[in-house]
Amino acid sequence: MTSAEAAPRDAVAVDPVEVHDVVRRFDATTALDGVSLRLASGSIHALLGPNGAGKTTLLRIMTGQVAPDRGEVRLLGVPWSRATSRRLRQTFGFVPSGDRSFYLRLTAVENLTFFGRLYGLRRSAALQRTREVLEAVELSHAADRPVGVFSHGMQKRLSLARALLLDPPILFVDEATHDLDPQASARARDLVASAARDGAAVIWATQRVDEIRGFADRVTLLDRGVVRFAGTVPELMGTSGMQRFLLHVSVGPGSSEPTIARLSALLDDVIVLPAGGSGEEEHVVVALPPDGVLGDVIAKIAGAGIRVLACREERSEIEQAFLRLTAEPT
């Protein structure tokens, strides 16, 4: 092992990533305003926010590309400085949102071996590690093809492979699923989740709110450079307010009372709104309180002789929370 190769992950006793009161301004614009977060080993921390929230700026500061105007970032307990920058750059892998740094005429093996050598690996070690990460991202079949013929999804997986070359204790991922189809997006999340299970601390920046459910352990929601929320994903969902579901119901023949009136009288603490349809079949929206249980609502409806033909969530709790927390101030 060379000095460039990361220390064993179980040797990390401090939080791998610590951000303290970071401020960054660009002329008259404050991109980040007092942002703080901590990240433990073996966990995925989602950095969530709309375009322009400050996610990429924060990632650039955490990876040493930009210096903050105020505040501090520590990786493995070591603060960024000129004296520590070379050492710290060897402690993390980085997957940028738009990656054009591969040599398109070179093969996947040639690209990754080059970067492995650049990171300080011996040639034999770089080649061996290249083969391992290409297998991990399911690109072994394309190992000897020029990267220029790779699809966008394949190039994103190759970017993940490069980030994993040194088996780093920290992994920064910026919009990994942007422009990827659902299958490729799921594969990218699986790869990152596998790295976290192996002990890596992961920062996952995204504006795709629903992809963090069942994936991230904690979330920091940024909007216009300010932390609007910090906590677990269930806690974020709990800020969403009412849960809204669109139901397709069949009231059956011979019912004279309007469906909305029947459901409103039947369901306590639930708001019922018309959503179209007439006659025996209608669509209604039911809005439940945060602690409401959809199954109980459907059981009550069925018990009253109204069939529920279909049901879908009108908007997820995470999306509702995201929109509420990032709403323009009035």
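Between D217 and T232 there is no side-chain heavy-atom pair separated by less than 4.5 Å. Side-chain contact check for N51 versus Q207: some heavy-atom pair is nearer than 4.5 Å.
Of the options T57, L222, V23, a side chain to side chain contact (heavy atoms under 4.5 Å, CB included) to V35 is made by L222 and by none of the others.
When atom types are taken as modelled, the side chain of R157 and the backbone of E138 share a donor-acceptor pair closer than 3.5 angstrom. In this structure a side-chain-to-backbone donor-acceptor pair under 3.5 Å is missing from R38 to P16. No donor-acceptor distance shorter than 3.5 angstrom exists from the side chain of K55 to the backbone of D223, with no hydrogens or angles considered. For T84 (side chain) and S81 (main-chain N/O), a donor-acceptor pair under 3.5 Å exists by modelled atom type. Within the 3.5 Å criterion, the main-chain N or O of V226 finds no donor-acceptor partner in the side chain of D33. A distance-only check finds a donor-acceptor pair linking the side chain of R208 to the backbone of T177 [under 3.5 Å]. Looking only at distances, no side-chain donor or acceptor of S159 sits under 3.5 Å from a matching main-chain atom of Q155. In this structure, the side chain of S194 does not engage the main chain of D190 through any donor-acceptor pair within 3.5 Å. In this structure a side-chain-to-backbone donor-acceptor pair under 3.5 Å is missing from N111 to F102. In this structure a side-chain-to-backbone donor-acceptor pair under 3.5 Å is present from R117 to L121.
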Donor-acceptor list for residues 296-307 side chains, cut-off 3.5 Å, not counting sequence neighbours:
none

Enumerate, atom names and distances included, each donor-acceptor pair closer than 3.5 Å involving a side-chain atom of residues 66-76, sequence neighbours excluded.
| from | atom 1 | to | atom 2 | distance (Å) |
| --- | --- | --- | --- | --- |
| D69 | OD2 | R25 | N | 2.6 |
| R70 | NE | D21 | OD2 | 3.3 |
| R70 | NH2 | D21 | OD1 | 3.1 |
| R70 | NH2 | D21 | OD2 | 3.2 |
| E72 | OE1 | R74 | NE | 2.9 |
| R74 | NH1 | G77 | O | 2.7 |

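Rounded to the nearest 0.5 Å, atoms CG (L58) and CG (L37) are 6.0 Å apart. Atom OG1 of T30 is separated from atom CG of D27 by 10.5 Å, given to the nearest 0.5 angstrom. Interatomic distance, CZ of R228 versus CG of L236, reported as 14.0 Å (0.5 Å rounding). If you take CH2 on W204 and CG on L171, they are separated by 9.0 Å, rounding to the nearest 0.5 Å. The distance from the SG atom of C311 to the CG atom of L246 is 8.0 Å, given to the nearest 0.5 Å. In this structure, the separation between CG on L127 and CD on E110 is 10.5 Å, given to the nearest 0.5 Å.
T56 and D174 share a donor-acceptor pair across their side chains, judged by distance under 3.5 Å alone.
Hydrophobic clustering, with ILVMFWY side chains joined whenever heavy atoms are under 4.5 angstrom apart, groups Y103 together with V149. V285 and L309 sit in two unconnected hydrophobic clusters of ILVMFWY residues. Membership requires side-chain heavy atoms under 4.5 Å apart, directly or through other members.
Seen from the ring of F26, R24 counts as a face-on cation partner, given the 6.0 Å and 45° thresholds. At least one cation-pi condition fails for R89 and Y119: the charged atom is not both under 6.0 angstrom from the six-membered ring centre and inside a 45 degree cone around its axis.
Sequence neighbours left out, the pairs with a member in residues 133-174 that pass ring pair (Phe, Tyr, Trp, His ring centres under 6.0 Å) are F92-F172.
Contact between A163 and V95 at its shortest, heavy atoms only, is CB-CG2, 3.6 Å.
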